[in-house]
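First comes the structure, then the notes that go with it.
Basis for what follows: all heavy atoms, side chains included, without hydrogens, waters or symmetry-related copies. Chain A is the first sequence line, chain B the second, and so forth, proteins listed ahead of strands; every chain is numbered from 1. Predicted model only: the values in this text are computed from it and were never measured.
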2 protein chains.
Amino acid sequence: MTKASTSDIVSPSTGTLGKAIALVELVALADRPLRFTDILDRAGQPRGTLHRQLCHLVEEGLLEMNADHCYEPGLRLLKLASRAWGRSDLRRLAAPHLQALHDATGETIHLGMLRDTEIIYLDKVESRQAVRMASQIGRASPAYCTGVGKAALAALPQPRLDALLDLTEIRPFTQHTIVERQALEAEIAAIRRAGHAFDREEHEAGIRCVAAAIFDQERTFIGGVSVTGPAYRVGEEALRNWAPLVRAAANAVMEEIAARLGPKA
Amino acid sequence: MTKASTSDIVSPSTGTLGKAIALVELVALADRPLRFTDILDRAGQPRGTLHRQLCHLVEEGLLEMNADHCYEPGLRLLKLASRAWGRSDLRRLAAPHLQALHDATGETIHLGMLRDTEIIYLDKVESRQAVRMASQIGRASPAYCTGVGKAALAALPQPRLDALLDLTEIRPFTQHTIVERQALEAEIAAIRRAGHAFDREEHEAGIRCVAAAIFDQERTFIGGVSVTGPAYRVGEEALRNWAPLVRAAANAVMEEIAARLGPKA
DNA sequence: AAATTAGTTCCACTATCTGGAACTTACTTT
DNA sequence: AAAGTAAGTTCCAGATAGTGGAACTAATTT
C-alpha cells in the first residue's frame, strides 16, 4: 500500500469524510446559492443521508444556511485557510522576491503551487489596487493553460506528467488554448528547454504571462512565479524580456530555501 | 429538536466529521508544525484511529505532510475559502462603503462577522500596503476585546449574549482588556446606548478602534465595521469623532442590503 | 382547497470507524 | 557498530455511526 503522498493522484476512498467535503466543494464551486434539492440532484445521494450530512457540515461551520434556505460556504473555512496561508513557508520566503519582481516589471506577480491538476495561487502583488485585493489568492486554475501551470507540468518527471494529463479534462477557454495533447506535449518540451513558460491568452482572452518553476533541493517542483499583464500593454517582446527576470526571481527563492535549510540543521 | 441555525452554540455531535476537522483545526492553529506524536498527545485518540484519520485528511488535501513528517494545513482549504470569500454577499455590498470610510479617515477599515465567540474578519482596506495584504482576512479574534466583537455582543439579544459569554474564556491580552464579567456587561450596556463600540488597546497594545454593528431587516446582527489605528496617531478624541462616520457606514451597508432585497422579490 | 413540490424525521440495516496490540522503520545512545 | 528506544504504520474483531427507503410535515403553486 502506498503511503498517501501529497503528490499522488488517487480517487479518494476516504469514506465519510470524502463525501462530506465533496459537498462543501459542491456548494463552494457552484455559481449560485444552492437549495437542498439542487444539492440532492447533483450529489447523487438519498435524501435522508444528504440531509444529515448537510446538518453536520452546518454544525461544524463549514457550511451555512441563509435565510432563504440556501447553503453557502461557511466562515470557518476562512479561518482555517487564513492560518494555512499565514504559515506557508514558501509564501513567506518568496514574498520579498515577488515584490522585487513587481518593482522591476510593474505588472502583477503571482505565486502558485500545483495541487492535482490545478494551480492554486498562494500570493500575488498587484500594480495598484486593480480590482479587489486578495481576490485571486486561493483561486484554482487548470495547469495546462496557465503560465505557472505549464511551468509546473514541464517540471514534473515524465510518468507523473503523463498520469496528470490523463486525469485532466482539456477544454478551450479561449481560442488560443492548447487543446491537442500532442501540441501540449510539444509546448512542455519547449518549456523544458527554455526554462520558462508563456501563457499567450490561453486561459483568459487578453491576458499574457511568463512563468518559471521553483524547485527544492531534490529538484522536485514546489511552486512557480509569474508576471501577468493585459495583452494591449504586454507584447510578445515584453514577455521574452521578462523571462530572465522571472527565472532569476525563481532562483532567488530557491536560494532562500537552501539558505534556510543550511543553518537550520 | 432545534434545527441547527448558524448562530446556535452547541457542542458538536457531528461524529466522524467533527473529529476530522477538529484535527485540521488543531494543525492549523498550532504555532509550529506538528509531527504525528505531537498530534497524538493533543488529540487524545488512539494511535491507529488517529493515523487513519490523518491519512484521510491528507488524501483529501485538507492537510499535507511535508518532508520532515510534519503535518500542515492543506492547499485545498485555500481553494475552498477563496470561493467562500468571493461569494459573500455582505462583503460585496459592504466593499464600497469600507473604501469610503477609509477615504474619510485614512486609517485601516475592517469588516467582521461573529462566529460562536469569535469575530472573523471578512475584509479590510489598508492605509498603504502596511504589512502584508490579506494577512488579516479570515483571522479570528475573540469578541469580548475587539471593537467589532463588542459591537456584536451588544447587538445580541440578552439570552444569546449570556450564553455566549458563558462559553467565552476571558483572559487579559493587554493591561486594558476587560476581564471582569460585570465590567464587560456594563461596557456592553454603554455600547447599546451609544450605538458604537470602542477598543482602547484591549486586544493589542497600541491599537485603538471604533466599530458599529450592521443589522439585517429583522434587526439581527450580521456583521460589523471598524476603523483601527495606532494609539500614537489615534487619540480618544479621534475615536469619538469617527464614531458617527462608522455608524453612517454601517447604516449605508444596511440600506444596501434592504435595497437589494426590495427589487429582488 | 387540492395538488405538487420542498424539506425533515424515523429506524432497521450495515458499512465504516474504532482502538488495542503487534509490527516496522528511523533515530539515539553506549 | 550494535543494541535500545522512540516514532510511525498495519491489522482485525467488535462497536459505532452512517445509510437510505419511506412516511411525515411545511411551503408553494394551480
Side-chain angles (χ1 to χ4, degrees), chain A residues 1-8 10-24 26-27 30 32-60 62-72 218 261 264-265, chain B residues 1-8 10-24 26-27 30 32-60 62-72 218 261 264-265:
Chain A
M1 200 72 38
T2 59
K3 84 174 167 186
S5 134
T6 320
S7 44
D8 284 348
V10 286
S11 53
S13 62
T14 47
T16 310
L17 178 68
K19 289 169 200 162
I21 75 124
L23 285 179
V24 176
L26 182 65
V27 171
R32 61 187 181 82
L34 299 176
R35 290 196 313 291
F36 179 82
T37 324
D38 299 321
I39 302 177
L40 185 62
D41 293 339
R42 299 167 197 217
Q45 283 191 86
R47 305 170 89 77
T49 304
L50 182 66
H51 187 260
R52 182 182 30 77
Q53 284 178 337
L54 290 173
C55 285
H56 283 174
L57 288 168
V58 169
E59 250 187 275
E60 287 296 337
L62 301 184
L63 292 181
E64 282 168 28
M65 189 194 267
N66 67 19
D68 30 323
H69 281 258
C70 285
Y71 290 91
E72 297 188 16
E218 287 96 32
L261 259 73
K264 182 188 160 193
Chain B
M1 197 79 35
T2 58
K3 86 173 164 186
S5 131
T6 319
S7 43
D8 285 347
V10 286
S11 54
S13 61
T14 46
T16 309
L17 179 68
K19 288 168 200 162
I21 74 121
L23 284 180
V24 176
L26 181 64
V27 171
R32 61 186 180 83
L34 299 177
R35 288 196 316 289
F36 179 82
T37 324
D38 299 321
I39 303 177
L40 186 62
D41 293 340
R42 300 169 195 213
Q45 284 193 87
R47 304 168 88 75
T49 304
L50 181 66
H51 186 259
R52 183 182 31 75
Q53 284 178 335
L54 290 174
C55 284
H56 284 173
L57 289 168
V58 169
E59 249 189 276
E60 287 297 337
L62 300 183
L63 292 181
E64 282 168 27
M65 189 194 267
N66 66 20
D68 29 322
H69 281 258
C70 285
Y71 289 91
E72 296 189 16
E218 286 96 32
L261 260 72
K264 181 189 159 189

Gap separating the CD1 atom of B:Ile21 from the CD atom of A:Glu60, nearest 0.5 angstrom: 4.0 Å
For the pair made of CD in B:Glu59 and C1' in C:dC17, what is the distance, rounded to whole Å? 15 Å
Could you list by number each residue of residues 32-46 of chain A showing a heavy-atom separation from DNA chain C of less than 4.0 Å, or answer none if no residue does? A:Arg35, A:Phe36, A:Thr37
Tell me whether the side-chain N/O atoms of B:Lys19 come closer than 4.0 Å to OP1 or OP2 in C:dC17. no
Whole angstrom value for the distance that separates P of D:dG18 from CD of A:Glu60: 11 Å
Between the NE2 atom in B:His56 and the CG atom in B:Leu54, the distance rounded to the nearest 0.5 Å is 10.5 Å
Side-chain donor-acceptor distances from residues 34-46 of chain A under 3.5 Å, at least two apart:
residue	atom	partner	partner atom	Å
A:Asp38	OD2	A:Arg35	N	2.8
A:Gln45	NE2	A:Gln53	OE1	3.1

When rounded to whole Å, the CG to C1' distance for the pair A:Leu17 and D:dT19 reads 17 Å
So, do B:Leu23 and B:Leu50 sit near enough that their side-chain heavy atoms are less than 4.5 Å apart? yes
When the distance from NE2 of A:His69 to P of C:dT5 is rounded to whole Å, what number comes out? 19 Å
Check the distance between C:dG7's C1' and A:Asn66's CG and give it to me in whole angstrom. 15 Å
In short, the helix from C:dA1-D:dT30 to C:dT30-D:dA1 is bent end to end, axes from five pairs each side, to 10°, by 50°
May I ask you to list the residues of residues 47-54 of chain A, by number, that have any heavy atom positioned under 4.0 Å from an atom of DNA chain D? A:Gly48, A:Thr49, A:Arg52, A:Gln53
Taking only N and O in the side chain of A:Thr16, is any of them less than 4.0 Å away from OP1 or OP2 of C:dC17? yes
